[in-house]
K.L.:
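Sharing a structure below in structure tokens format, with a few things to ask.
Every chain is numbered from 1, with letters handed out A, B, ... down the list of sequences.
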Amino acid sequence: MRPVIDTISQSISAAIEKATGQKDASAMVTPATDAKFGDYQSNAAMGLAKQLKTNPRQLAEKIIAELEIDDICQEPEIAGAGFINLRLKSDFVAESLLKIKADKKLGIEKVKKPRTVVVDFSGPNIAKQMHVGHLRSTIIGDCICRMLELAGNKVIRQNHIGDWGTQFGVLVQHLYELSVFKKEDENLQSLEEAIDTLSIEDLEVFYREATEQYNLDDTFKKQARKRVVELHTHSEPLTLKLWEHIVDESRKNYQFIYDILGINLHKENERGESFYSEKLAGIVEDLKKLGLAEKSDGAICVFPEGFKNKEGEPLPFIIQKSDGAFLYATTDLAAIRYRINELKADKIIYVTDARQKLHFEMLFTVAKQAGWAKDTELVHITFGSVLGEDSKPLKTRSGENVKLKELLDEAVKRARGVVEEKNPDLSEDEKEKIARAVGIGAVKYADYCNNRTSDYIFSFDKMLAMDGNTAPYMQYAYARIKSIGRKGEEKGINIEKELKIVKKPYLGEDAELALAKQLIRYGEAFNCAIADFKPNFLTAYLFELAQKFSAFYNACPVLDASEDIRPTRLLLCELTAATIQHGMEDLLGIETIKRM
RNA sequence: GCGCUCGUAGCUCAGUAGGAUAGAGCGUCGGUUUCCUAAACCGAAGGUCACAGGUUCGAAUCCUGUCGGGCGUACCA
């Protein structure tokens with residue numbers, strides 16, 4: 001189903017062409033800035049008048065004279081400098097409601113040309129727990145995937161886990177040296193059993209200890225490097241086994257977090273650094289052959305066009321260190337080739353924090369210069385940092401990264417407190433279920449509702465507030481609608497049947513019409529959100545919907561309404577619930593709850 | 001130094017392509033409950049859009065400069 005705004009835009013563009021002969025002129029249609037101006041406005045006449053050196057109001061008159069839109073809108077009005085104001089006919093709104101009702105996707109339309117889109121997001125580090133620094137990439141990336149999929153694209157999720165590099169040689173060597181393994185060090189079976197008892201917390205401690213030792217102890221350093229070589233060459237089964245165990249143990253941690261957060265990422269989405277490790281030398285060779293890579297200060301570098309350092313000299317993109325090791329630049333290049341050649345990507349999206357902007361600009365330039373990404377669109381989607389109440393990056397009191405598990409546990413705990421207070425009579429199971437949905441939902445929703453590109457201040461109190469643009473507010477709106485349904489059934493109202501008999505919704509009350517107009521704009525909001533991958537457009541839409549529903553709920557009794565208007569009101573409830581549910585669950589991956 | 005990015009109400013933030021009197025939430029003040037969940041609703045006050053120029057019929061938005069914050073800037077990712 002096509003969004004109204006698109007239909008209006010097309011009509012106006014056509015009218016402009018008839019009035020002026022200008023082809024493909026932008027209709028400049030936006031939602032009205034103020035309800036008193038109507039529902040939509042076109043700002044096209046002003047810009048066009050300047051271009052054509054005529055009077056904007058007169059031009060607007062001419063456009064209106066040619067405008068064929070009376071099936072949708074009331075008589076257009078010209079206001080101010082030459083705005084064309086449009087107000088939807090309530091008959092049109094009513095018909096659209098029925099179309100939405102018949103559409104599983106509630107008015108979200110598919111793209112004309114589906115593409116294969118690779119989305120690289122989350123990317124946790126192995127041997128460490130997920131922390132707050134991974135939150136945004138993980139949930140924003142997931143939302144982007146959901147939107148692209150709903151729009152009909154083929155989406156390939158790629159989790160570029162950090163599972164390779166010197167640090168794993170260091171960690172493996174440390175594990176070898178731990179007394180618990182020493183005595184069994186010739187016995188593969190026992191060693192596997194021993195490491196099976198290691199938790200991710202143990203690994204984190206070992207990681208820290210190992211790094212310290214690496215920096216202090218030269219013998220250890222030598223051994224650790226040997227382990228790196230063993231990893232690279234697969235020459236020592238025990239070393240490989242240890243590494244695999246480390247990865248498996250880490251996966252348990254992040255898979256647990258993904259499941260809690262409702263993130264659609266699984267083992268099969270993993271293409272970590274190790275996956276590309278054997279392709280790196282080839283990358284460097286190929287770039288050398290192409291004449292793009294050269295040695296500089298001992299390192300192999302590409303100097304991509306258009307990048308300068310502090311002295312105004314070409315800026316290097318280092319693909320091999322002077323000690324021969326490869327870097328994430330090399331891995332990322334290998335990943336680009338894999339995604340284009342093997343995964344057949346038309347577009348690759350990277351979801352990382354804004355600090356990596358320069359890296360990706362250079363990476364994309366190199367890939368283009370090498371001719372590896374001729375027909376592939378490369379996009380870096382950035383986001384800001386999560387800050388604490390002190391406006392500094394969120395850390396624990398001791399200065400460590402806040403673990404995602406602890407953060408989410410705390411959110412659920414606080415939500416549980418609210419449930420206990422508001423609804424003490426619910427069963428334990430139900431309280432827990434609600435607390436989970438509200439707590440986790442609050443964290444995700446708070447992130448989504450901020451502009452992706454800016455930093456935001458993390459606050460449990462704000463995200464769990466019952467008022468304002470929060471998950472609990474949305475979930476409450478949904479629960480109230482569901483409650484109407486239950487009460488209706490209790491009263492013996494056959495809701496299914498009433499919904500079926502609505503042939504022409506009757507939108508007599510302002511609150512009904514306003515809610516209906518919001519409902520038919522879901523597809524439009526979706527298009528705005530996906531255009532720039534901005535989830536806050538979705539939350540803004542959903543919040544406005546919930547507000548309009550609340551106003552309706554207050555002004556218009558549903559179950560006690562007379563039988564001629566009750567079906568329409570039930571329909572409005574039904575569609576509001578469906579839209580909130582679709583938006584929260586299918587787009588944002590946040591649970592709705594029938595009771596709270 | 002150079003580059004990127006941000007500066008909007010007391011607070012947290014929106015602001016789609018340059019459009020009308022700059023919006024929302026919180027907080028503050030006032031009101032609403034014999035009625036489907038008041039975790040709600042309605043109303044009010046609150047602004048030099050960091051500052052100064054410029055382009056334009058029109059600028060929070062574009063350009064230049066200044067001030068202030070964050071980030072990045074050759075072998076971490």
K.L.:
If you go through the side-chain atoms of A:Tyr328, does one of them form a donor-acceptor pair with the base of B:A77 closer than 3.5 Å?
P.N.:
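Such a pair is found, so the answer is yes.
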K.L.:
Are the charged groups of A:Glu512 and A:Arg569 less than 4.0 angstrom apart, N to O?
P.N.:
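A salt bridge links A:Glu512 with A:Arg569.
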K.L.:
To the nearest Å, give me how far apart CD1 (A:Ile318) and P (B:C76) are.
P.N.:
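Rounded to the whole Å, the gap is 8 Å.
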K.L.:
Go ahead and name the base partner of B:A38; Watson-Crick or wobble counts if both distances stay under 3.5 Å, otherwise write none.
P.N.:
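Checking every strand shown, B:A38 finds no partner, since no pair has both distances under 3.5 Å.
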K.L.:
Going by the side-chain contact (heavy atoms from CB on, under 4.5 Å) test, name the single residue among A:Asp39, A:Val4, A:Ile8 that passes it with A:Leu86.
P.N.:
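That would be A:Ile8; it is the only one of A:Asp39, A:Val4, A:Ile8 passing the side-chain contact (heavy atoms from CB on, under 4.5 Å) with A:Leu86.
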K.L.:
When you get a sec, tell me which of B:C13, B:G19, B:C41 is the closest nucleotide to the side chain of A:Ile457?
P.N.:
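For A:Ile457, the side-chain atoms sit closest to B:C13.
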K.L.:
To the nearest Å, how far apart are A:Lys392 NZ and B:G70 C1'?
P.N.:
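These atoms are roughly 12 Å apart.
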K.L.:
Can you figure out which of B:G18, B:C76, B:C36 approaches the side chain of A:Lys487 most closely?
P.N.:
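Of the options given, the side chain of A:Lys487 lies nearest B:C36.
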K.L.:
Between A:Lys308 and B:U73, does any side-chain N or O lie under 4.0 Å from OP1 or OP2?
P.N.:
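No, no such contact exists.
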K.L.:
Under 3.5 Å, is there a donor-acceptor pair between the side chain of A:Ser385 and the main chain of A:Leu387?
P.N.:
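Checked: no pair found.
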K.L.:
Where the side chain of A:Pro31 is concerned, which of B:U37, B:U16, B:A14 is the nearest nucleotide?
P.N.:
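That would be B:U16.
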K.L.:
Go ahead and name the base partner of B:A59; Watson-Crick or wobble counts if both distances stay under 3.5 Å, otherwise write none.
P.N.:
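Base-paired to nothing in any strand shown.
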K.L.:
Which whole number of Å gives the distance between the C1' atom of B:U12 and that of B:G58?
P.N.:
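Per the computed distance, 31 Å lies between those C1' atoms.
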K.L.:
Would one find a side-chain N or O of A:Tyr456 under 4.0 angstrom from OP1 or OP2 of B:A14?
P.N.:
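Answer is no, no contact under 4.0 Å.
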K.L.:
Would you classify A:Thr30 as touching base, sugar-phosphate or nothing, given that sugar-phosphate means primed atoms plus P, OP1 and OP2, and contacts are heavy atoms under 4.0 Å?
P.N.:
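A:Thr30: no heavy atom of the nucleic acid under 4.0 Å.
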K.L.:
Applying the Watson-Crick and G-U wobble criteria at under 3.5 Å, what pairs with B:U28? Answer none if nothing qualifies.
P.N.:
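By the stated definition (distances under 3.5 Å), B:A44 pairs with B:U28.
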K.L.:
Name the nucleic acid region contacted by A:Lys491, choosing base, sugar-phosphate or nothing; use a 4.0 angstrom heavy-atom cut-off, strictly under.
P.N.:
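The answer is nothing, as A:Lys491 stays clear of every strand by at least 4.0 Å.
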K.L.:
Holding to salt bridge (charged side-chain N to carboxylate O under 4.0 Å, His left out), I want the full list of residues that pass it with A:Lys548, two or more places apart in sequence or in another chain.
P.N.:
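Scan of A:Lys548 (salt bridge (charged side-chain N to carboxylate O under 4.0 Å, His left out), adjacent residues dropped) gives A:Glu544.
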